[in-house]
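Atom set for the values below is all heavy atoms of this structure, side chains included, hydrogens, waters and symmetry mates excluded. Quantities reported herein were computed from a predicted structural model and do not represent experimental measurements.
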Amino acid sequence: MNLQETLSESVKQAVKSIYNVAISSVEFQATRKEFPGDITVVVFSMLREIKGNPVQIGEQIGQFLKDNLDVVIGFNVVKGFLNIEIEDAYYLKFFNAISQKTDFGFVEAKQNDKAILVEYSSPNTNKPLHLGHIRNNLLGYSVAEIIKASGKKVYKTQIINDRGIHICKSMLAWERFGNGETPESTGLKGDKLVGNYYVKFDQEYKKQIAELINQGKTEAEAKQEAPIILEAQNMLLKWEAGDEHVVSLWKKMNGWVYSGFDVTYKNLGVDFDKLYYESETYLLGKEFVAEGLKTGVFFKKEDGSVWCDLTEDGLDEKIVLRADGTAVYMTQDIGTAIQRAKDYPDVGGMVYTVGNEQDYHFQVLFLILKKLGFDWAKNLFHLSYGMVDLPSGKMKSREGTVVDADDLMQDMTNTAEEISSELGKLDGYSETDKQELYQTIGMGALKYYILKVDPKKRILFDPKESVDFQGNTGPFIQYTYARIQAILRKADFNISQAITDIKLHEKERDLIKQVELFPEVIQNAANNHSPALIANYIYDLVKGFNSFYQNVSILGADSDSEKVFRVQLSQSVAQIIKNGFSLLGIHVPERM
């Protein structure tokens, strides 16, 4: 048991012994800096079950703890808060138990536990990945890693939106205006080449709309009658009918896009266990609609369309099959979820990383899957996140005003190079080492800036601010890690022995208390699907270490025992920074 669990049990015993009342839980918080103590029991929350003066209650519980728990050496009560002082021996014993663990806080998955499937990325194959995709990928990947660290088996997946009118638009534009150019002939990544033709289609479409309006058509008529949109719609019909030429073109251009995506994913540092394709899943779900009609989950309207009535659940009626028998997105998502559960029989829940504009869609999807009777449907979670804005405003793919993911990652590396060169601390680095360091810093800055924010919040992304070496940034934390590595390189003595007989400095106690929280933070981050909890914990840990570093001499300590202990403590902090950052997909440099 950790300190909080030990104290919780003893406080319950105290209340039972003194007041003959069984309380269900004990509330703790960090002790305020101006009062002595290591952890604080909130007495106010007990007043629902114990009648009396909170100060007197705190005094009585505090005395019980001091009399019955060896680790408690003192206490004080401020209003309704019981501040408890813990002996050094407890912290030393805890630290010695974990100091050599390189995986402290991480939990191994149990053999028969249910797995969690995490979906993220899920791009369209008509354009390259952009800044919005970066947030999606970083969130999904990080949440998957955090859930894995919390003790569950995890599968990472995505569904690639590789069919539909938007795909046909880029195909048609390439066929009409491309003159046979390829990624090889242009030197462009395949996803960028295809994306250029998606933009080209939109430009031509707008021209044709303007011409038709000049001929007397209304804007609505012009949008429907523009020849290029009619051709794209015809191409989609041909694709669905299996037209050999259209399908061949579709395969070729999608192949270009996938090659481009692979490069972006590798640079971003994300991966997947299995890919699903909309072209293979868009017909899934129809059989379950037929089954749901029999069991009364769905009903048919006069025109033959099939719906689910969710009004009793506070929602509305939702269509799941059109009158002509064709599927809608909801049908496909129902089928894909069920298919995934078949592909991975050990899956007990799924996490969907999708922007908050789809909140209602997932509310409906999860409810329908529950009504269809799938046990795992009670463990579905929509990892809803806010959009990413830039100082220049919103992005639009079809107008070509998006922030390209590859360009942004390169810009971040370039910015890291500029700032690192200005600081001038890279003497002795080879050019290869420098470039690797710039990429580590640049990508660390990008990932940390995005992941430190609660997923639900919108982000205004400022690349320059993110690479600052001061404050709550990735590079500041990376620099602290590198500083600790420099200390470890200078420690030319044996640091393997356990130290049990020193008096702890206040800053050492604070740091050990911060270290002790790491396992709990991982569990909370997993339960809340929030990498921000990990990011901000690591920042607090780093602030604590820097305060320790500035106030306590490490290599110049008075005694050998203090010297060894302080190097060990520094090493443990570095390990947690490294492990915590790995959960965010961020690397740490050995030198900076």
Side-chain angles (χ1 to χ4, degrees), residues 109-125 133 136-137 139-148 150-164 254 258 261 265 270-292 295 297-298 308 318 320-321 327-355 358-385 455 526-527 529:
K110 293 188 180 72
Q111 187 73 35
N112 298 316
D113 274 6
K114 289 289 188 183
I116 301 291
L117 186 144
V118 181
E119 175 193 291
Y120 54 94
S121 196
S122 305
N124 297 326
T125 58
H133 290 115
N136 181 300
N137 275 273
L139 271 174
Y141 175 85
S142 181
V143 164
E145 291 298 309
I146 291 166
I147 292 173
K148 193 189 299 178
S150 78
K152 289 187 171 60
K153 189 173 183 182
V154 172
Y155 300 112
K156 303 170 188 170
T157 189
Q158 64 168 319
I159 181 160
I160 298 168
N161 303 301
D162 64 341
R163 64 171 283 278
N254 274 355
Y258 298 145
F261 283 172
Y265 289 141
V270 302
D271 59 5
F272 305 92
D273 296 307
K274 186 173 176 65
L275 307 181
Y276 289 84
Y277 298 87
E278 190 183 333
S279 56
E280 296 170 358
T281 64
Y282 79 108
L283 297 176
L284 287 173
K286 289 173 110 176
E287 61 185 282
F288 297 101
V289 170
E291 195 62 39
T295 58
V297 173
F298 304 123
C308 187
K318 185 70 180 178
V320 292
L321 217 58
V328 293
Y329 268 117
M330 186 60 69
T331 331
Q332 174 186 305
D333 282 352
I334 291 166
T336 305
I338 296 165
Q339 184 62 49
R340 286 170 173 170
K342 286 179 179 175
D343 293 343
Y344 295 103
D346 58 340
V347 160
M350 302 180 199
V351 176
Y352 292 80
T353 313
V354 183
Q358 295 292 330
D359 284 355
Y360 185 74
H361 175 86
F362 284 101
Q363 219 180 334
V364 171
L365 172 65
F366 298 168
L367 197 47
I368 288 175
L369 288 165
K370 280 180 191 170
K371 286 180 183 292
L372 287 170
F374 294 103
D375 187 51
W376 42 262
K378 65 179 182 289
N379 296 319
L380 300 177
F381 182 80
H382 175 204
L383 177 49
S384 171
Y385 63 90
N527 292 335
H529 304 86

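- Proximity of Val347 to Arg340: side-chain heavy atoms (C-beta onward) are nowhere separated by under 4.5 Å.
- A 4.5 Å side-chain heavy-atom check between Glu119 and Tyr276 finds every atom pair outside the cut-off.
- For Tyr282, the side-chain hydrogen bond (donor to acceptor under 3.5 Å, both in side chains) test picks out no residue, with sequence neighbours left out.
- At distances below 3.5 Å, not a single donor-acceptor pair connects side-chain atoms of Ser142 with backbone N or O atoms of Leu139.
- Across all non-hydrogen atoms, the minimal contact from Ile147 to Ala526 is CA-CB, 4.2 Å.
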Show every donor-acceptor pair shorter than 3.5 Å between a side-chain atom in residues 330-338 and any protein atom, with sequence neighbours excluded, or say none if there are none.
unit_1: Thr331; atom_1: OG1; unit_2: Val320; atom_2: O; d: 2.5
unit_1: Thr331; atom_1: OG1; unit_2: Val328; atom_2: N; d: 2.9
unit_1: Thr331; atom_1: OG1; unit_2: Val328; atom_2: O; d: 3.1
unit_1: Asp333; atom_1: OD2; unit_2: His361; atom_2: NE2; d: 2.6
unit_1: Thr336; atom_1: OG1; unit_2: Gln332; atom_2: O; d: 2.8

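- For the side chain to side chain contact (heavy atoms under 4.5 Å, CB included) test, residues two or more places apart in sequence or in another chain that qualify with Lys148 are Glu145, Val154, Lys156.
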Show me the side-chain donor-acceptor pairs of residues 374-383 shorter than 3.5 Å, one per line, residues at least two apart or across chains.
unit_1: Asp375; atom_1: OD1; unit_2: Lys378; atom_2: NZ; d: 2.8
unit_1: Asp375; atom_1: OD2; unit_2: Lys378; atom_2: NZ; d: 3.4
unit_1: Lys378; atom_1: NZ; unit_2: Asp375; atom_2: O; d: 3.3
unit_1: Asn379; atom_1: ND2; unit_2: Gly348; atom_2: O; d: 3.0
unit_1: His382; atom_1: ND1; unit_2: Asp359; atom_2: OD1; d: 3.4
unit_1: His382; atom_1: NE2; unit_2: Val354; atom_2: O; d: 2.8

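- By the ring pair (Phe, Tyr, Trp, His ring centres under 6.0 Å) test, Tyr155 pairs with Tyr344, sequence neighbours left out.
- Residues Gln158 and Pro123 have side chains in contact (heavy-atom distance under 4.5 Å, counting atoms from C-beta outward).
- For the pairing with Ser121, the side chain to side chain donor-acceptor pair (under 3.5 Å) check across Thr353, Asn137, Asn136 returns one residue only, Asn137.
- With sequence neighbours left out, the side chain to side chain contact (heavy atoms under 4.5 Å, CB included) criterion links Asp113 to Lys110.
- Residues satisfying the side chain to side chain contact (heavy atoms under 4.5 Å, CB included) test with Leu283, not counting sequence neighbours, are none.
- If you look at Tyr258 and Tyr265, their ring centroids are not closer than 6.0 Å.
- Residues meeting the side-chain hydrogen bond (donor to acceptor under 3.5 Å, both in side chains) test with Tyr360, sequence neighbours left out: Asp316.
- Remark: Tyr352 pairs with no residue by the side-chain hydrogen bond (donor to acceptor under 3.5 Å, both in side chains) rule, at least two apart or across chains.
- A pairwise comparison of heavy atoms in Asn124 and Phe261 identifies O-CZ, 3.5 Å as the closest pair.
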Take Ile160 and Thr125 through the test side chain to side chain contact (heavy atoms under 4.5 Å, CB included) and record every step on the way to the result. CA-CA 7 Å; Ile160 298 168; Thr125 58; 3.5 Å; yes
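- The shortest distance between side-chain heavy atoms of Phe366 and Ile368 does not fall below 4.5 Å.
- A salt bridge (charged side-chain N to carboxylate O under 4.0 Å, His left out) check over residues 274-290, counting only residues at least two apart or in different chains, returns the pairs Arg163-Glu278.
- Side-chain contact between Phe272 and Thr157 is absent, with no heavy atoms from C-beta onward closer than 4.5 Å.
- Not counting sequence neighbours, the partners of Lys371 by the salt bridge (Lys or Arg N to Asp or Glu O under 4.0 Å) test are Asp313.
- Under the side-chain hydrogen bond (donor to acceptor under 3.5 Å, both in side chains) criterion, His529 pairs with no residue, sequence neighbours left out.
- With rounding to the nearest 0.5 Å, the separation of CG in Asn112 from CG in Asp346 is 10.0 Å.
- Atom CG of residue Asp273 and atom CG of residue Leu275 lie 9.5 Å apart, to the nearest 0.5 angstrom.
- Rounding to the nearest 0.5 Å gives a distance of 14.0 Å between CG of Leu365 and OH of Tyr329.
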